[in-house]
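In what follows, every chain begins at residue 1, and chains take the letters A, B, ... in the order their sequences are listed.
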Amino acid sequence: MNAPVVVRNLKKVFYDEGRGEVKAVDSINFECREGEVFGLLGANGAGKTTTLRMLSTILTPTAGTATLMGNDVVSNPQGVRKNLGFYSATTALYPRLTTRETIDFFARINQYPADQVEQRVEYLIQRFGLTKYADARIEKLSSGMKQKVSIARTIAHNPSILIFDEPTVGLDVLNALDVVDSIRELRDEGKTIIFSTHIMSEAERLCDRIAIIHGGHILACDTLAALRESTQQHYLEDIFVLFVKAGQEMV
Amino acid sequence: MNFSDIRVLYWREIRSALRDRTIVTNSILLPMLLYPVMIWLVYTGITFISGQNEELKSRIMLKDLPAAHLRLKREIEIDKAVELLNPTDPSTAVRDGSLDAFVEFLPAKAELAMPANFSVRITYDESRDASDRAMNRVWDKITAYRGSYLEQEASRLGLSKADFQNFAIDERSVSSDRAVSAFIVVLPIFFIIMLAVGGMHPAIDATAGERENSTWETVMTAATSRANVLVAKYLYVATMAFIAAFLNLFAMIFSMGTVLAPLFGNSSSLRIPLESAPVVLIGAVLLALFVAAGMMILASFARNYKEGQSLISPFYIALIMPVLFLQAPGVEFTWRVALIPVANVMMMIREAFQGVYHWQSIGITLAVETACIVVALRIAMMVISHEDFVMGSYTGSFSKFARERLFKK
């Protein structure tokens with residue numbers, strides 16, 4: 001059986017007025033297995049967000065292919081999005097909708113069966129402990145509550161694949177832990193999760209496999225144990241630095 | 001296109017809009033309440049000022065009133081708004097403001113005048129309101145007195161009023177009541193202004209507002225096509241523009257009919273003919289669709305609300321300018337005028353209010369507006385197909401975008 005996410009030679013070139021052509025992502029390859037948390041670990045500007053935006057069909061690849069649940073990101077973007085929940089710091093919620101309306105809207109627009117939407121909304125409200133805030137507008141919620149609603153809206157249509165692009169950026173420790181716990185729960189439910197971060201401890205705790213990305217290239221991709229073994233380093237931070245330096249020397 | 005998705009997206013937009021104070025104020029409350037409040041304020045102001053004026057006494061001096069006409073003096077004396085004075089130098093008193101009008105009774109100028117006849121010279125200061133008002137009061141008193149005196153004299157000679165009147169003037173205007181009412185000329189202009197105001201904030205909210213709130217990317221990852229998102233947003237903006245225009249129209253008709261018409265004693269001239277409704281409706285729909293498309297294209301180049309407002313402002317002015325130039329009552333709705341977008345709809349609505357329908361010009365108007373809408377939507381689709389634009393990373397203006405991308409061969 002094919003892996004839920006298959007990325008082959010994926011490339012993205014931007015044109016910048018000052019710098020000319022910029023290769024944000026340069027022929028990367030990876031696969032994500034069912035029920036795993038696949039980590040994309042990289043510094044700012046490494047190409048994590050561009051990769052994830054291509055996978056979520058917001059950006060069109062310059063070259064290469066990517067399929068999610070067998071749907072190609074270029075030829076069948078709607079099929080991809082139907083099976084995908086995308087969460088990032090730049091995917092905010094509509095402030096003037098209530099919690100219930102928000103989850104309802106995203107379930108419907110992401111093609112969840114219309115006759116089951118109400119049931120799904122109630123389930124998610126209870127699951128994330130949002131009953132008290134179900135009819136409160138998003139703008140009135142605390143940032144912790146907003147995070148919960150954000151995750152609820154991401155999985156409103158019960159997608160098989162979830163992308164979390166630096167989900168803990170700007171959150172306090174407790175809220176960040178909540179998000180990490182939620183991701184772990186979703187993994188346990190069998191979701192395939194792509195998790196991008198630049199925070200080593202999060203990647204260590206959460207990811208089943210980690211891809212180290214730098215300068216648009218994937219420098220390494222394996223389990224944490226295998227990476228430790230191959231580099232003879234214990235801490236992920238050291239492993240990361242080792243690969244990045246080696247990558248820079250190669251360039 | 002998926003109409004079910006468009007419906008879900010559309011109602012999401014409407015629901016959010018109806019909870020936004022700026023949109024509700026500009027698209028619903030302002031068009032609805034502006035005119036009743038404005039008319040009430042003006043009416044109250046006028047009433048207050050005229051009340052104040054009525055209480056002011058006119059200081060008048062009468063000189064050399066013939067003995068046969070002492071009744072005139074009595075009639076002036078009993079008027080509480082008049083105070084008779086007797087300064088030594090009345091002309092100077094009028095000039096320095098201590099007297100409002102100096103009325104001199106002079107011998108009649110005509111050779112065949114009867115012994116009791118007289119002519120009147122009123123000296124007043126036109127630059128002073130009080131003096132001008134005093135002159136009018138005296139004028140009215142003397143005119144009324146002359147009428148009653150002549151009637152009395154005619155009766156004494158055995159003549160009826162009709163016998164001595166010689167000439168009678170009866171006015172009859174051939175224009176309809178509707179045509180004479182000036183507000184019919186002004187109404188379409190406000191209609192268009194309110195339509196543009198009503199569409200402006202929703203257009204910014206649906207584009208730059210989404211970027212500012214970081215919800216743009218959220219909706220871009222939804223399992224629906226970008227065309228569906230665009231159509232839903234477009235219909236939402238057009239709906240709000242249309243609602244604003246119609247609320248404004250109804251508010252104005254209501255205010256004019258209930259507040260102003262009784263004041264002018266001619267309510268029929270302040271009513272819109274019902275048969276104009278289809279033409280007005282079609283005009284409003286076309287205009288709302290065009291304005292929505294134009295504003296959305298421009299606002300979508302903005303990264304925040306403020307930028308959106310400054311980008312839309314020139315379009316707003318471009319909409320209003322031809323309308324203001326063409327609003328003069330003498331301008332006809334010819335086929336040439338029908339070729340000017342927006343102004344043609346204004347003319348079409350104006351004529352419909354007057355019960356006039358130039359079908360050829362109406363046909364051209366519909367064709368021109370439809371063409372404008374199609375072009376605007378085509379541009380919008382081309383704009384949204386560029387991903388740096390969708391991601392908000394494009395930093396140029398619309399004209400730069402058009403030059404480099406839309407019209408690049």
Side-chain angles (χ1 to χ4, degrees), chain A residues 12 14-18 24 49-50 52-62 71 76-98 101-102 104-112 114 117 137-140 150 153-154 156-157 159 162-163 165, chain B residues 1-24 202 205-206 209-229 232-233 236 303 305 384-396 400-401 404-405:
Chain A
K12 184 66 188 178
F14 290 113
Y15 181 78
D16 183 84
E17 278 186 6
T49 299
T50 304
L52 298 182
R53 280 179 172 170
M54 283 192 281
L55 294 184
S56 61
T57 76
I58 298 172
L59 294 177
T60 311
T62 309
N71 301 293
N76 187 12
Q78 273 175 259
V80 169
R81 294 198 290 258
K82 197 177 166 185
N83 290 289
L84 176 72
F86 185 81
Y87 176 107
S88 85
T90 52
T91 51
L93 300 168
Y94 292 106
R96 298 189 293 268
L97 292 189
T98 65
E101 288 164 352
T102 300
D104 184 281
F105 169 72
F106 283 102
R108 286 180 199 280
I109 203 63
N110 286 311
Q111 320 302 325
Y112 194 75
V117 167
R137 286 193 205 175
I138 299 296
E139 62 194 349
K140 306 278 183 198
S150 274
R153 78 95 193 138
T154 306
H157 55 301
L162 296 166
I163 292 177
D165 183 13
Chain B
M1 238 184 293
N2 182 328
F3 290 104
S4 169
D5 285 0
I6 291 171
R7 188 171 51 82
V8 172
L9 289 159
Y10 174 80
W11 284 114
R12 204 285 304 155
E13 297 280 1
I14 294 282
R15 187 174 282 155
S16 281
L18 294 177
R19 291 172 184 170
D20 182 87
R21 202 178 296 160
T22 312
I23 294 175
V24 170
D205 178 57
E210 290 251 26
R211 289 228 172 91
E212 196 170 11
N213 293 331
S214 299
T215 48
W216 184 254
E217 205 169 310
T218 317
V219 80
M220 285 294 129
T221 56
T224 188
S225 73
R226 282 176 192 165
N228 291 341
V229 175
K233 285 181 179 295
Y236 148 64
R303 276 161 297 180
Y305 220 90
I384 208 167
S385 69
H386 291 268
E387 68 182 20
D388 58 341
F389 176 83
V390 173
M391 293 311 301
S393 56
Y394 183 79
T395 52
K400 187 184 171 198
F401 190 89
E404 291 177 353
R405 312 239 181 131

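Closest approach of Arg96(A) and Asp205(B) over heavy atoms only: NH2-OD1, 3.0 Å. Here the closest heavy-atom approach between residue Leu55(A) and residue Leu84(A) is recorded as O-CD2, 3.9 Å. Among all heavy-atom pairs drawn from Pro159(A) and Lys82(A), the shortest one is CB-O, 4.4 Å.
If you measure heavy-atom distances from Thr154(A) to chain B, you find no contacts under 4.5 Å at all. Neither the backbone nor the side chain of Leu18(B) comes within contact range of chain A; no heavy atom of the residue lies under 4.5 Å from a heavy atom of that chain. For Leu97(A), the parts lying under 4.5 angstrom from a heavy atom of chain B are both the backbone and the side chain.
Asp5(B) and Gln111(A) are linked by a side-chain donor-acceptor pair at a separation below 3.5 angstrom, with hydrogens and angles left out of the test. A donor-acceptor contact closer than 3.5 angstrom links the side chains of Thr57(A) and Arg81(A).
Looking only at heavy-atom pairs under 4.5 Å with chain B, the residue among Tyr94(A), Phe14(A), Tyr87(A) that has the most is Tyr94(A). No other option in Pro77(A), Ser150(A), Ala92(A) has as many heavy-atom pairs under 4.5 Å with chain B as Ala92(A). Contact count versus chain B (heavy atoms, under 4.5 Å) is highest, among Phe106(A), Phe105(A), Phe86(A), for Phe105(A). The candidate from Ala17(B), Ser4(B), Gly209(B), Ala222(B) with the greatest count of non-hydrogen atom pairs under 4.5 Å with chain A is Ala222(B).
Although no hydrogens or angles enter the test, the distance criterion places a donor-acceptor pair under 3.5 Å between the side chain of Asn228(B) and the main chain of Asn2(B).
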